[in-house]
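Inspection log for the structure reproduced underneath, given as structure tokens.
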Amino acid sequence: MEYNFKKIEKKWQNYWEENQTFKTDIWDFSKPKYYALDMFPYPSGVGLHAGHPEGYTATDIISRMKRMQGFNVLHPMGYDSFGLPAEQYAVQTGNHPSKFTNENIETFTKQLKELGFDYDWNRCIATSDPAYYKWTQWIFKNLYEDGYAKYVDMPVNWCEELGTVLSNDEVIDGKSERGGYPVIRKNMRQLCIDQAAFAEKLLDGLECIDWPESTKEIQRNWIGKSIGAHVDFKVDGYEDKFTVFTTRCDTLFGATYCVLAPEHDLVDKITTDEMRSEVEAYKAACALKNDMERTELNKDKTGVFIGAYAINPVNDARIPIYISDYVLASYGTGAIMAVPAHDDRDYEFATKFNIPIIQVLEEVTGTPHEGEETKTSIVAIVYDEEKQKYLTINWGSNGGRLFIGGSRRDCETPLECALREIEEETGYIDLEFVRELPRINHHYYAYNKDKYFNIDCTGLLFKLKSDKKTHQNLDDDENFSVEWVDEDVIINEVKDELHKKTYEYSKNQAAMTGDGIHINSEWLNGLNKMDAIDKMIDWLESHNAGSKKVNYKMREWIFARQRYWGEPVPIVHMDNNETHTLSDEELPLVLPELDDYRGHNGKAPLENAIEWKNYNKDGIKGVRETSTMPGSAGSSWYFLRYIDPDNTEEFANQELLKHWMPVDLYVGGPEHAVGHLMYSRIWNHYLFDKGLSPVEEPFKKLVHQGMILGENGIKMGKRFPKYVVNPSDIVRDYGADTLRLYEMFMGPLEASKPWSSSGVEGAKKFLDRIWRLYTEENKITDEDNKNLEKIYHATVKKVTNDFESLSFNTAISQLMVFINAVYKEDKFPRVYAEGFIKLLNPIAPHITEELWNTVLGHDDTIAFESWPEYDEAKTIDDEITIGVQINGKLRGTITVSLDESEERIKEIALNEENVKRHLEDKEVVKVIVIKGKIVNIVVK
RNA sequence: GCCCGUAUGGUGGAAUUGGUAGACACGUUGGACUCAAAAUCCAAUGAUAGCAAUAUCGUGUCGGUUCGAGUCCGACUACGGGCACCA
């Protein structure tokens, strides 16, 4: 019998379709349910690519196995069919985008069917189908009426020439991607969804779902929760005050200026007359920059002093107010207090504008000890620029190499002290003071004084101007040599933490952003960061100057596009400036046919639908919203619709939702980590709160399939068209079973891996080998064969477990091991032959259906046969081969029975030929026997 | 810059809680079958030395813990992904 995969695959695909094998009886609650879901594709013009079958085969394997295990399985497929390519096609050809879309859907469906997936095609949906988007509109309408969707004034990228709002990726170098017209930032009324209202629920939800940790982390970063405080600053000479958001209110005593975003409301009012023109110019320059530019050109801080001063609530200090675009209007309150000593950005700005820097937190080094003496001191670093050497003193074994250090006398400034110490200890007197370094709180033991100290130490950096020297003036106990050394020696030999840290501060001028203890902060002095934050919040709240506050990076989700091919928004703008939402009976609001799908003068294409646009009903007169919803609207709830796709009364029957949700397994690409997967969670959380979805989290388990790369190891695509693999070609040349088997065998599902044509041939060879075994070898028998018992049970176990954990590559390797073993035997017991076919069925459904029915003589689909069981006891051998190591090196192997005593194993191991040879002239110190694993002999 | 992930033969990749590194497959080499080829079957295949038994080295680099490390800990390097003035 010849393995004619073309005929066989066609035959079984027809059979499944005619017999409705995979139609889900959705109301059958007698069996446990299993909901396997794929991310539905956008039906592009190019058809399926090699990556699609990967994830789809994974869910197909699981759903076929679950069905055989007695689950009622829901495994649907549909199309995310709103999108730009269809609109562009419509603009170019004048045809309706649905023509293009429907043609593509047809192609996709044909391609998916020839891969033999067990989808219930009766439940197929398309987001651009009015019967579907009726409910997208309905959910949106509810979001709007409940205040989660609303019109908000917010800065957007506005292009005057195109007359439209552009997204960040449509703006390049401050010009529009199309046409290259200038784009400015402008406050505009936008239809938005308030995502941040769900932030806490979205964060909490991540704790209880089985998702890749990296994806959860991306979502956490995206939500960007930060806990801090609001602090109010009065403007000197005005009644007005402004609020800043800070996570470091403990550093409030170190605030030396404030910054408002250029767009901040207060700027115009409090700018002084002499600064006004400069401020206006700066604001105008900022408006020309979009978000991307603001962040890309972050090297250099810019800003303008606006002439006004703020009053620091904790100490009434009068500090200048600047505007700068490093403060974003859209985050927090659009205003900050700046603490240059402890924030990198503020440090950079303060250095550039010569603003004072006040250190309020010092790093702690060394370990505290009882009975410490406290004092203030200095560490002086002297650098000879010409010779590139540092001045050190070497205490040898009494303390190693250090910079110059010493205690401050009363009434001595750090600088005076440093100059004195340098002169006394080294004699050098011609020095240039470069700068003071951050103070450090250090605990140490002094060898020469035999005492523990806790010092508050100031670092100072000097340059040597000349070799001019006086005489050293040393105490009796100061026994060291003065040495000039280069950087390498400093790095290797200066071990003292205080001196090391001081050296680091001298090399990198930067803010100290770590933890430590507070200084220069009155009632916070001595506290660490955490304690000081708590104490400061208490103070702010009791003095009415601020409060604890949580902020999120997550912004409003702009929910309108000036496009045609999307869901119309069911809102009417009435003549009195209010909005009216359509009644449920008016849904779906269907897209009107247009003569021209182009938006003229940058306006939304629906502006062309004059008749459609004007609304006049029951005394309500107005104009419809002409923007449409973004692409992610329809895909944010499709998993609910699959459960009840033909319902005309509600988006899905509640009883059905209750039974079928959540999705048990969701497979799709990692590129949707924030977009689709976040929006779906938001919509579902909303529906859950409203009592319309039975679960808080829609996707219980999520897995990302890796990308399939070209044979050259590079992403398939336009750049290397000759390496693009079309699944239909593989199906034609090798069959769907081969493609499925190969893609599952390539490597772990989550990994990116390159395509290999010889790998495809290998997969085909394995199927051929199975075919020959069942049709030509005449080994199948009703007799038993003990030789295959263990490997059969082990195979059932491994394949079952590996499928469960989606480790398809190792499951397949076990199937191969089994087949190799069967080839070595004369008799292949029928029970094993049937069990193997069942194990293989989820991966290669066509060939297994054929063998099951024609060779093994059954007369029905294998799809509902029961999954093979294994006997744990039979997977284990009673004899086992273990390794014998000497000092961790393998020297031989021994075969012992499983329940052999340790003593006996030890004896056998010591008598192994090669082991004996290695033990000659050696003394056995210890023998470690790990039962069933290994013997290790330790010798001297 | 910050956060996350990965690193194993010629290649894709295996390796439960630390316990015989390289399963399985591809490729390569040799052999069988054949007039010949394809297909198929058998054998070898980490590197080095050796006829061999065997020995030494070997899981990105350096160090540590351990009787024993691909696996655990510390430092680093390279690549991939995410975020990027978020106060």
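Chain naming here is simple, since letters A, B, ... match the order of the sequence lines and numbering starts at 1 in each. Owing to the predicted nature of the structure, the values given are computational and were not obtained by experimental measurement.
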Under 4.0 Å between a side-chain N/O of [X] and OP1 or OP2 of [N], yes or no?
X: Tyr331(A); N: rA87(B); result: yes
X: Asn551(A); N: rA87(B); result: no
X: Ser226(A); N: rA87(B); result: yes
X: Asn809(A); N: rA23(B); result: no
X: Arg891(A); N: rA55(B); result: yes
X: Arg769(A); N: rA39(B); result: no
X: Arg220(A); N: rC4(B); result: no

Below 30° counts as parallel, above 60° as perpendicular, anything between as tilted: where do the rings of [X] and [Y] land?
X: Phe233(A); Y: Phe242(A); value: parallel
X: Phe818(A); Y: Phe836(A); value: parallel
X: Tyr331(A); Y: Phe245(A); value: perpendicular

[X] side chain, from C-beta outward: closest of [options]:
X: Asn914(A); options: rA55(B), rA21(B), rA87(B); answer: rA55(B)
X: Lys765(A); options: rU20(B), rU40(B), rA25(B); answer: rU40(B)
X: Ile218(A); options: rG82(B), rA23(B), rU20(B); answer: rG82(B)
X: Trp222(A); options: rC4(B), rC83(B), rA14(B); answer: rC83(B)
X: Lys753(A); options: rC83(B), rG13(B), rG27(B); answer: rG13(B)
X: His918(A); options: rU20(B), rA55(B), rA25(B); answer: rA55(B)
X: Ser758(A); options: rU54(B), rA87(B), rG27(B); answer: rG27(B)
X: Asn221(A); options: rA87(B), rC24(B), rC3(B); answer: rC3(B)
X: Lys933(A); options: rG19(B), rU20(B), rA15(B); answer: rG19(B)

Using whole Å, report how far [atom1] of [X] lies from [atom2] of [N].
X: Glu761(A); N: rC26(B); atom1: CD; atom2: P; value: 10 Å
X: Leu890(A); N: rG22(B); atom1: CG; atom2: P; value: 10 Å
X: Glu217(A); N: rG80(B); atom1: CD; atom2: P; value: 22 Å
X: Leu919(A); N: rU54(B); atom1: CG; atom2: P; value: 16 Å
X: Glu348(A); N: rG1(B); atom1: CD; atom2: P; value: 14 Å
X: Asp768(A); N: rA38(B); atom1: CG; atom2: P; value: 17 Å
X: Met744(A); N: rA25(B); atom1: CE; atom2: P; value: 19 Å

Taking both distances under 3.5 Å as the test for a Watson-Crick or G-U pair, what stems of at least three pairs does RNA chain B have?
B:1-7 with B:77-83, B:10-12 with B:24-26, B:27-32 with B:40-45, B:46-49 with B:54-57, B:60-64 with B:72-76
Between Pro748(A) and Gln814(A), who's closer to the 5' end of RNA chain B by nearest nucleotide?
Pro748(A)
Between Val884(A) and Met746(A), name the one whose nearest nucleotide on RNA chain B is closer to the 5' end.
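Nearest nucleotide further toward 5': that of Met746(A).
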Within a reach of under 6.0 Å around CD of Glu913(A), are more than 12 heavy atoms found that belong to other residues, nucleotides or ligands?
no
Residue pair Ser226(A) / Asn551(A), side-chain donor-acceptor N/O under 3.5 Å
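No.
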Between Ser757(A) and Glu711(A), do the side chains contain an N or O donor and an N or O acceptor separated by less than 3.5 Å?
yes
Between Tyr742(A) and Trp755(A), is the ring centroid distance below 6.0 Å?
yes
For Tyr734(A) together with Phe5(A), are the ring centres under 6.0 Å from each other?
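Aromatic pair excluded; centres sit 6.0 Å or further apart.
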Tell me what [X] touches on the nucleic acid: a base, only sugar-phosphate, or nothing, going by heavy atoms under 4.0 Å.
X: Asn820(A); result: sugar-phosphate
X: Thr893(A); result: base
X: His230(A); result: nothing
X: Ser752(A); result: sugar-phosphate

Nucleotides 66-68 of chain B: which of its N/O atoms have a protein N/O under 3.5 Å away?
from, atom 1, to, atom 2, distance (Å)
rC67(B), O2', Asn936(A), ND2, 3.1
rC67(B), O2, Asn936(A), ND2, 2.6

How far, in whole Å, is rA78(B) from rG27(B) if one measures between their P atoms?
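It comes out at 36 Å once rounded to the nearest Å.
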Donor-acceptor list for residues 924-936 of chain A side chains, cut-off 3.5 Å, not counting sequence neighbours:
from, atom 1, to, atom 2, distance (Å)
Lys931(A), NZ, Glu900(A), O, 3.2
Asn936(A), OD1, Gly888(A), N, 3.1

Sub-4.5 Å side-chain heavy-atom contact between Gln885(A) and Arg891(A)
no
Steps toward salt bridge (Lys or Arg N to Asp or Glu O under 4.0 Å) verdict (Glu497(A), Lys500(A)):
CA-CA 5 Å; Glu497(A) 264 193 274; Lys500(A) 240 185 143 115; over 6 Å; no
